[in-house]
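Just so we're clear, the structure is a prediction, and the values are computed from it rather than from any experiment. Position 1 is the first residue of the sequence; numbering continues from there.
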Amino acid sequence: KRFRVLIIGRANAGKTTILQRVCNTVEDPEIFDRHWRKVCVVIEVGAEYFQRGDHNIESELVFRSNPGFVFHDSSGFEAGSEEQFDKMKKFVIDHAAARFLGDRIHAIWYCIPMTECERTVTAAERKFFNECDTGHVPVIVLLTKADYFDFLAIDELLDEGLELEEAERRATEREFQLLEKWQAHIKHNLDQCKFPPKFYLPLTKMHEESTDCAALIQCTATALNEEGLERLLISTQQSSIALCIEYAMKYVVGRILKKGKTEGQRVDMEGFESDVLSWFPKHRFVCNLKKNSATWFTEWFDHLTG
């Protein structure tokens with residue numbers, strides 16, 4: 001089982017960098033066709049990549065650091081190409097309700113770069129959110145490169161006559177105001193569309209290798225709103241052990257505590273252990289936990305329930 005994401009956005013939106021942060025790597029993805037045959041080499045060019053050969057939205061982008069994620073990239077229709085848009089729309093419709101579960105996309109990340117905040121909502125965005133019904137697949141708008149507002153804030157303050165030192169001191173507050181302003185602008189425009197996005201999430205510091213994507217993962221999990229898919233995503237991501245613990249507590253512990261209170265039954269510790277660990281399969285320490293976890297889980301649950 002792999003978690004499949006369609007990422008959409010104009011050139012230089014920072015898409016590749018986001019995927020690298022999600023998969024905790026600085027390497028480029030490998031690209032495969034639907035039969036898992038490598039189809040081309042990816043060559044890094046600045047913050048984006050290009051492929052030898054024609055772009056194909058059906059191609060699967062996979063990082064060796066975390067092959068549990070499969071990404072599909074849609075780009076080009078921002079230039080007004082009906083053909084590219086129609087290909088993307090067909091892909092979404094086909095993969096949102098694919099007959100085989102392994103072919104379904106689970107989430108869509110739509111990237112809008114804040115470096116182009118004067119044109120955040122273009123005809124391409126309106127066309128997508130008015131014409132592309134993604135069904136049960138949630139769309140999350142990612143406000144990428146939001147760090148840009150830090151520079152914009154200082155420029156604005158300097159233009160207002162402040163000295164550099166004072167401008168730098170006030171920059172954080174102005175940066176927050178600018179982000180709020182443009183996020184509200186985007187939300188106002190897209191929420192009026194026929195198929196509006198589920199959430200809006202600003203992303204910062206994606207250019208730093210140490211940045212994790214816990215906020216993106218959690219936002220996506222919340223948008224899924226279905227335990228099975230949330231488990232698939234949380235157990236695939238490697239950004240945050242805390243998220244694994246949070247969701248295991250939410251679903252497994254919460255459900256067992258409720259069951260114990262309403263039915264007065266003893267807890268099946270073996271089943272409880274298995275359910276909790278199912279939220280952690282991609283993390284190395286779980287293997288060590290599984291070797292001798294029965295006592296640990298019993299003591300933890302006894303402590304939890306008093």
Side-chain angles (χ1 to χ4, degrees), residues 1-9 13-25 61 63 65-72 96 104-114 134 136-147 149 176 179-180 182-184 186-187 190-191 196-255 275-286:
K1 293 182 179 180
R2 300 183 296 169
F3 194 84
R4 193 176 295 270
V5 178
L6 170 62
I7 189 164
I8 301 174
K15 291 181 292 182
T16 303
T17 304
I18 292 170
L19 303 187
Q20 288 173 326
R21 295 293 84 78
V22 168
C23 293
N24 296 321
T25 185
L61 281 65
F63 291 89
S65 60
N66 192 342
F69 279 111
V70 176
F71 302 104
H72 296 269
R104 292 183 184 175
I105 53 173
H106 303 115
I108 297 173
W109 295 339
Y110 196 111
C111 301
I112 300 178
M114 295 299 95
T134 63
H136 66 279
V137 180
V139 181
I140 301 168
V141 167
L142 304 182
L143 313 182
T144 65
K145 302 185 179 182
D147 317 75
F149 290 127
F176 178 75
L179 177 57
E180 272 198 329
W182 287 107
Q183 182 169 335
I186 295 169
K187 189 175 187 300
L190 297 185
D191 280 356
K198 192 82 175 276
F199 294 117
Y200 301 82
L201 180 69
L203 294 180
T204 60
K205 300 182 179 179
M206 288 294 108
H207 60 285
E208 297 180 8
E209 294 179 18
S210 60
T211 299
D212 70 52
C213 284
L216 174 55
I217 298 298
Q218 185 159 32
C219 183
T220 304
T222 302
L224 293 169
N225 197 32
E226 197 275 304
E227 182 180 352
L229 291 179
E230 290 177 53
R231 187 196 304 265
L232 177 59
L233 172 59
I234 296 299
S235 64
T236 298
Q237 62 87 30
Q238 299 178 4
S239 298
S240 174
I241 288 290
L243 284 178
C244 298
I245 296 171
E246 177 184 339
Y247 278 81
M249 291 287 290
K250 172 184 175 182
Y251 282 111
V252 183
V253 178
R255 183 164 50 236
D275 285 348
V276 170
L277 288 178
S278 70
W279 291 87
F280 296 79
K282 304 300 187 297
H283 294 282
R284 295 176 182 175
F285 82 90
V286 172

If we only count heavy atoms from C-beta on, is the [X] to [Y] side-chain gap below 4.5 Å?
X: Met206; Y: Cys213; result: yes
X: Asn66; Y: Asn24; result: no
X: Val5; Y: Val22; result: no
X: Leu224; Y: Pro138; result: yes
X: Leu61; Y: Phe69; result: no
X: Lys250; Y: Glu230; result: yes
X: Arg4; Y: His72; result: yes
X: Leu243; Y: Gln237; result: yes

Which atom pair, heavy atoms only, marks the closest approach of [X] to [Y]?
X: Ala146; Y: Leu179; result: CB-CD1, 4.4 Å
X: Pro202; Y: Gln183; result: CG-OE1, 3.3 Å
X: Phe280; Y: Cys244; result: CE2-CB, 3.4 Å

Any donor-acceptor pair under 3.5 Å linking the side chain of [X] with the backbone of [Y]?
X: Ser65; Y: Cys23; value: yes
X: Thr144; Y: Cys111; value: no
X: Lys15; Y: Gly9; value: yes
X: Lys198; Y: Ala223; value: yes
X: Thr236; Y: Phe3; value: no
X: Gln218; Y: Ala215; value: no
X: Glu226; Y: Gly228; value: yes

- Message: Salt bridge check, Arg231 against Glu227: does any charged N sit closer than 4.0 Å to a carboxylate O?
- Response: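 Yes, charged N to carboxylate O under 4.0 Å.
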- Item | Aromatic ring pairing Trp109/Phe71, orientation class (parallel under 30°, perpendicular over 60°, tilted between) |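 Aromatic pair Trp109/Phe71 classed tilted.
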- Message: How long is the straight-line distance from CE of Met114 back to OG1 of Thr204, given to the nearest 0.5 Å?
- Response: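 It is 12.5 Å, given to the nearest 0.5 Å.
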- Query: Say you draw a straight line from OG1 of Thr222 to OH of Tyr247; how long is it, rounded to the nearest 0.5 Å?
  - Reply: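 Answer for the OG1-OH pair, Thr222 versus Tyr247, is 4.0 Å.
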- Query: Checking side chain to side chain contact (heavy atoms under 4.5 Å, CB included) for the pair Ile217/Ser240: CA distance, chi angles, key distance, verdict?
  - Reply: CA-CA 9 Å; Ile217 298 298; Ser240 174; over 6 Å; no
- Worked check of side chain to side chain contact (heavy atoms under 4.5 Å, CB included) between Leu233 and His106: CA-CA 9 Å; Leu233 172 59; His106 303 115; over 6 Å; no
- Message: Walk me through whether Val137 and Leu6 qualify under side chain to side chain contact (heavy atoms under 4.5 Å, CB included).
- Response: CA-CA 10 Å; Val137 180; Leu6 170 62; over 6 Å; no
- Query: Stepwise, does the side chain to side chain contact (heavy atoms under 4.5 Å, CB included) test hold for His207 with Asp147?
  - Reply: CA-CA 10 Å; His207 60 285; Asp147 317 75; 4.1 Å; yes
- Message: For Phe176, is the CZ atom crowded, meaning more than 12 foreign heavy atoms sit under 6.0 Å from it?
- Response: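 Result for CZ/Phe176: open.
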